Amino acid sequence: MVFYPAGSTWQSAETVMYTRPSAKSRPAVDAIKAQVDDVIAMYRSAAETVIAKNAGPVKAKSGATGQLWEYSGYRNGGKELAVYFRGRETVNYFVAQLPANIEADKAKLSLIELALTYREGTDCKPCLGAAACAIAR
């Protein structure tokens, strides 16, 4: 799922946000930290020297507690902000990509506002499997 300001497109928006799940890669350790380490490794393989900083907790309206992480050090001067929530089988996250000339505080507030809506449910059609197909018919 992607988000950008009304009146813009994914390509034309100054700031874009997206959300997605990621399989927990190392259940024996903190899954969120493992996800952060994976992001850093991905950028390192692209010759970027990215630094990640835990900027504190975020509590969603559903009661779930996530972590806000700030990524900096990109060659283009941009930043990324990410809010991670540990799910039952995944790490679920919201990301804001910020170019160098964007005020990070405003984007951070927008990202947190979006992340506050997080809830892990079992009522979506993919979660229900065959039962959802029967309901949809």
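The shown structure was predicted, so the numbers you read here are calculated from the model rather than taken from an experiment. Excluded from the calculations below are hydrogen atoms, water molecules and symmetry mates; all remaining heavy atoms, backbone and side chain alike, are included.
With E120 contributing its side chain and R88 its backbone, the two residues share a donor-acceptor pair below 3.5 Å. Remark: side-chain polar atoms of Q67 are not paired, donor with acceptor, to backbone N or O of G56 under 3.5 angstrom. Judged purely by atom type and a 3.5 angstrom limit, T65 has no side-chain atom pairing as donor or acceptor with the backbone of K59.
Take S12 and apply the side chain to side chain donor-acceptor pair (under 3.5 Å) test, not counting sequence neighbours, and it matches T9. Applying the side chain to side chain contact (heavy atoms under 4.5 Å, CB included) rule to A52 yields the partners V36, I40, W69, Y71; only residues at least two apart in sequence or on another chain are considered.
Taking CD of Q35 as the start and OG of S22 as the end, the distance is 3.5 Å to the nearest 0.5 Å. Put simply, CG on N101 and CG on N76 are 10.0 Å apart, with the number rounded to the nearest 0.5 Å. With values rounded to the nearest 0.5 angstrom, Q97 atom CD is found 11.0 Å from M17 atom CE.
Both M42 and Y74 are members of a single hydrophobic cluster when ILVMFWY side chains are connected at heavy-atom separations under 4.5 Å.
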Would you tabulate the side-chain donor-acceptor contacts of residues 108-117 under 3.5 Å, counting partners in other chains and residues two or more places apart, or write 'none'?
residue: K108; atom: NZ; partner: E70; partner atom: OE2; Å: 3.3
residue: S110; atom: OG; partner: K106; partner atom: O; Å: 3.3
residue: T117; atom: OG1; partner: L114; partner atom: O; Å: 2.6

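Outside the 6.0 Å centre-distance limit, the rings of F94 and Y18 are not counted as a close aromatic pair.
Of all non-hydrogen atoms in G73 and E48, the two that sit nearest each other are O-OE1, 4.1 Å. Considering all non-hydrogen atoms of both residues, S62 and R119 come closest at CB-CB, 3.7 Å.
At a threshold of 4.5 Å between non-hydrogen side-chain atoms, the residues R86 and D30 count as touching. At least one side-chain heavy atom of L81 sits under 4.5 Å from a side-chain heavy atom of L98. The shortest side-chain heavy-atom distance between R20 and Y93 falls under the 4.5 Å cut-off.
N92 and Y84 form no side-chain donor-acceptor contact under 3.5 Å, judged by distance and modelled atom types alone. Side-chain contact annotation: Y43 with E80, donor-acceptor N/O pair under 3.5 Å present.
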